[in-house]
**Q** 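Here's a structure for you.
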Protein chains: 2
Amino acid sequence: MTKPTPDPRHTLTLRDVSEASGVSEMTVSRVLRNRGDVSAPTREKVLEAARALGYVPNKIAGALASQRVNLVGVVIPSLSNMVFPEVMTGISETLEGTGLQPVVGVTNYLPDREESVIYEMLSWRPSGMIIAGLEHSTASRAMLARAGIPIVEIMDIDGTPINHAVGISHRRAGRQMAEAIIAAGYRRIAFLGTQMPNDFRAKKRLEGFEEALSKAGLTLVDREYYSGGSALLKGREMTAAVLNRTPDVDFLYYSNDMIGAGGLLYCLAQGLDVPGRIGLAGFNGVELLDGLPRKLATMDACRLEIGKMAAKIIAEAPAGPQVEELFPTLEAGDTIRRS
Amino acid sequence: MTKPTPDPRHTLTLRDVSEASGVSEMTVSRVLRNRGDVSAPTREKVLEAARALGYVPNKIAGALASQRVNLVGVVIPSLSNMVFPEVMTGISETLEGTGLQPVVGVTNYLPDREESVIYEMLSWRPSGMIIAGLEHSTASRAMLARAGIPIVEIMDIDGTPINHAVGISHRRAGRQMAEAIIAAGYRRIAFLGTQMPNDFRAKKRLEGFEEALSKAGLTLVDREYYSGGSALLKGREMTAAVLNRTPDVDFLYYSNDMIGAGGLLYCLAQGLDVPGRIGLAGFNGVELLDGLPRKLATMDACRLEIGKMAAKIIAEAPAGPQVEELFPTLEAGDTIRRS
DNA sequence: CCTGCTACTGTTACCGCTAACAGCCACAAG
DNA sequence: CTTGTGGCTGTTAGCGGTAACAGTAGCAGG
């Protein structure tokens with residue numbers, strides 16, 4: 001008489017597989033991890049038993065025993081703005097095949113939330129962390145610094161990284177855009193952006209932008225902020241507000257492509273001559289918008305590349321700190337006058 | 001002479017905090033988890049020591065010992081299409097305060113990938129799983145079924161759930177849209193969608209749509225598929241192709257709002273009378289697009305609500321299976337003729 | 001025959017934490 | 001004085017795996 005089927009509600013362990021296949025737990029472990037030498041027949045027996053039982057290894061126990069966790073924490077402010085999904089794609093692609101796996105945490109641009117997300121992630125002892133931005137609470141920086149794992153701060157390099165960093169200079173990006181706008185002959189320039197005190201990158205772009213303006217003896221003739229809601233719609237509304245308040249404005253600089261697109265649609269609907277009477281520019285190089293009637297001027301933020309390089313750094317865990325600056329390209333599109 | 005500072009590279013354990021504060025590891029554990037009775041002064045001492053050392057608990061060990069993991073696996077096909085981020089928002093909001101935390105896995109609509117994502121997640125012994133769709137490989141279903149945790153399949157209810165399900169009937173959604181279109185007097189109707197054999201929900205919508213057409217004695221006069229690229233741009237291109245090939249088409253039904261928006265912009269640019277000469281409709285109710293010159297007809301997919309209800313089921317872990325059907329509302333917008 | 005080596009399998013001791021239980025003390029009640 | 005009782009703290013024994021090491025057998029070479 002064979003042993004009765006064990007309680008099917010009991011979660012399986014190596015011991016179950018070991019008993020079912022008549023070898024030690026250690027051998028089962030070796031088979032399932034493809035590590036060490038196991039004879040072909042034994043291997044077959046074990047795999048067969050594991051499959052038959054529907055055994056799923058317990059990584060918690062495995063990780064505790066081996067002191068190795070194949071997870072990489074990724075901390076980003078938001079998933080809904082088109083920029084981070086692309087970064088994630090880069091990370092996933094590069095991690096593929098390294099045995100590492102990304103785990104995402106979202107902070108909604110809240111420093112407190114960031115701190116708790118980091119804490120929570122570190123408590124799972126990941127093999128590395130990728131975090132958007134260089135601005136973190138003191139506690140966050142301290143936790144990361146003493147975690148003893150590679151930390152990569154991404155998107156931005158205007159500041160002091162904890163360890164590694166991959167990104168672009170947003171300050172420079174803002175400056176370059178301003179220079180291009182000025183060179184094209186625009187002079188009465190307004191800024192339209194999000195009201196997010198913790199979007200440091202948007203803030204830096206604006207700083208660089210204003211810096212370049214002031215170097216040319218100019219200042220912003222108007223500015224408008226929004227928060228929440230549909231970006232495209234907000235872009236329309238803000239644009240209407242600015243045009244109404246400052247009718248002689250000749251350029252609108254948006255903090256992102258989505259509100260820029262809303263503005264563009266509004267200007268076209270109003271029959272304004274774009275880019276003759278008025279020019280527009282955004283930021284990000286969102287592929288999503290390629291189908292607009294006219295191509296919005298923008299700067300691509302190298303998102304895919306940033307994801308790939310960050311993941312590469314984690315996978316290779318270089319000894320010394322590493323800072324990689326990428327250089328966005330300005331795409332003038334159809335909304336800046338050509339000389 | 002005081003003890004020398006311990007190796008700062010050594011990762012901290014409860015023992016370090018226990019030594020630093022002069023109490024047992026157990027008491028430290030109790031303090032850090034707020035469990036059991038600990039005197040106020042002891043509590044203070046421990047917290048102080050933990051903070052000073054920068055101790056981050058090891059959840060791997062904790063989970064193994066307590067057999068409890070505060071993680072909920074969420075398996076979705078994609079992050080870049082505006083639909084799942086909103087579902088995630090619903091999940092996060094509801095999980096907030098339950099002590100549970102979502103962990104996302106992305107499958108890119110690939111069944112093999114889905115299987116490995118599920119396996120990987122289950123190996124961390126989460127407290128529950130939320131998975132998009134009802135179609136999974138036999139192995140996936142088996143793993144989920146015997147994991148002994150609540151499983152919620154979301155988005156769709158046209159099929160047999162493993163356990164719980166929350167979603168809408170996509171077949172019915174397609175049917176309803178067709179009925180509205182027919183009622184508005186359109187007769188020469190084309191379909192434009194994605195070429196994704198594994199997007200079962202889009203497929204079901206189309207089936208329902210055609211079913212309703214045929215009940216009215218109609219068939220699709222044209223169809224066009226695409227894959228990859230910028231959805232807005234593809235929408236334009238596909239629309240151009242259909243209008244070119246079938247000039248007398250009078251309605252374009254898109255499988256999602258994004259390509260629908262591209263089509264809308266194209267039609268408007270061509271000076272076509274929308275919705276007089278030609279009508280358009282999409283699917284999803286993407287808020288993002290609210291800023292378009294004209295509001296595209298669509299059906300909202302109840303994404304936020306689905307996320308919330310799924311999370312609620314996980315948190316409450318009801319005894320019996322539970323299937324929740326939600327009912328999307330048709331938003332006629334400005335692209336279907338009003339009677 | 002012994003040695004050394006390779007190929008395979010088993011034993012033991014943890015990994016860092018928590019459940020369960022066992023003290024200990026002060027104080028109230030009998 | 002004994003006995004409870006509640007508040008607080010410590011001890012012990014795992015959780016389910018894996019690293020490290022310890023066999024064991026078979027076989028080639030001297």
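The structure displayed is predicted, hence computed values, not measured ones.
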**Q** Starting at atom CZ of A/Arg35, determine the distance to atom P of D/dG17, rounded to an integer number of angstrom.
**A** 16 Å

**Q** From the options A/Val74, A/Val72, A/Leu71, select the one residue that forms a side chain to side chain contact (heavy atoms under 4.5 Å, CB included) with A/Val103.
**A**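 Testing A/Val103 for a side chain to side chain contact (heavy atoms under 4.5 Å, CB included) against A/Val74, A/Val72, A/Leu71 leaves exactly one candidate, A/Leu71.
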
**Q** Rounding to an integer number of Å, can you tell me how far B/Asp37 CG sits from D/dG10 P?
**A** 14 Å

**Q** Can you check whether A/Thr13 has a side-chain N or O nearer than 4.0 Å to OP1 or OP2 of D/dG16?
**A** no

**Q** So, is B/Thr42 close to the D/dC8 phosphate, meaning a side-chain N or O under 4.0 Å from OP1 or OP2?
**A** no

**Q** May I have the distance from A/Glu25 (atom CD) to C/dC14 (atom P), rounded to whole angstrom?
**A**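 So the two atoms are 18 Å apart, to the nearest Å.
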
**Q** Between C/dC17, D/dG16, D/dA20, which nucleotide has the shortest distance from any of its atoms to the side chain of A/Ala65?
**A**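 Minimum distance to the A/Ala65 side chain belongs to D/dG16.
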
**Q** Please confirm whether the shortest side-chain N or O distance from B/Tyr55 to OP1 or OP2 of C/dC17 is below 4.0 Å.
**A** yes

**Q** Kindly point out which of D/dC15, C/dA19, D/dG17 is positioned nearest to the side chain of A/Leu14?
**A**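 In terms of side-chain proximity for A/Leu14, the closest of D/dC15, C/dA19, D/dG17 is D/dG17.
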
**Q** So, OP1 or OP2 of C/dT18: does either fall under 4.0 Å of a side-chain N or O from B/Arg68?
**A**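 Answer is no, no contact under 4.0 Å.
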
**Q** Strictly by modelled atom types, are B/His136 and B/Glu115 linked by a side-chain donor-acceptor pair under 3.5 Å?
**A** no

**Q** Between B/Leu64 (CG) and D/dA13 (P), how many Å, whole number?
**A**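 Whole-Å distance recorded here is 18 Å.
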
**Q** Can you check whether A/Ser39 has a side-chain N or O nearer than 4.0 Å to OP1 or OP2 of C/dT9?
**A** yes

**Q** How long is the straight-line distance from CD1 of B/Ile157 back to CG of B/Leu326, given to the nearest 0.5 Å?
**A** 8.5 Å

**Q** Which heavy atom in B/Arg201 sits nearest to a heavy atom in B/Pro77, and how many Å separate them?
**A** NH2-CG, 3.7 Å

**Q** Nearest whole Å is fine: how far is C/dG16 P from A/Arg125 CZ?
**A**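 Interatomic distance, CZ of A/Arg125 to P of C/dG16: 9 Å.
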
**Q** Using a heavy-atom cut-off of under 4.0 Å over every strand shown, decide if A/Arg33 touches base, sugar-phosphate, or nothing.
**A**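 The answer is sugar-phosphate, as A/Arg33 gets under 4.0 Å only of primed atoms, P, OP1 or OP2.
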
**Q** Quick check: do B/Val28 and B/Ser21 have side-chain heavy atoms less than 4.5 Å from each other?
**A** yes

**Q** Nearest to the side chain of A/Ala61, which nucleotide is it out of D/dG10, D/dA19, D/dG17?
**A**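 Closest nucleotide among those given: D/dG17.
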
**Q** Would you find more than 12 non-hydrogen atoms of other residues, nucleotides or ligands less than 6.0 Å from B/Lys312 atom NZ?
**A**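 Open: at most 12 neighbouring heavy atoms sit under 6.0 Å from NZ of B/Lys312.
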
**Q** Does A/Gln67 have a side-chain nitrogen or oxygen under 4.0 Å from the phosphate oxygens OP1 or OP2 of D/dG17?
**A**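 No, no such contact exists.
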
**Q** What is the separation between atom CD1 on A/Ile60 and atom P on D/dG14, rounded to the nearest whole Å?
**A** 20 Å

**Q** In whole angstrom, what separates B/Leu32's CG from D/dT9's P?
**A**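 Value for this atom pair: 14 Å.
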
**Q** Taking only side-chain N and O atoms of A/Thr27, does any of them lie within less than 4.0 angstrom of OP1 or OP2 on C/dT9?
**A**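 Result: no.
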
**Q** When you measure only distances, ignoring hydrogens and angles, does the side chain of A/Arg30 come within 3.5 Å of the base of C/dG10 through a donor and an acceptor?
**A**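 Counting by modelled atom types and ignoring angles, a donor-acceptor contact under 3.5 Å is found here.
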
**Q** How long is the line joining CZ of B/Arg15 and C1' of C/dC14, in whole Å?
**A** 13 Å

**Q** For A/Lys59 and for B/Gly36, locate the closest nucleotide of DNA chain D by heavy-atom distance; then report the residue assigned to the nucleotide nearer the 5' terminus.
**A** B/Gly36

**Q** Is the distance from OP1 or OP2 of D/dG17 to the nearest side-chain N or O of A/Ser66 less than 4.0 Å?
**A** no

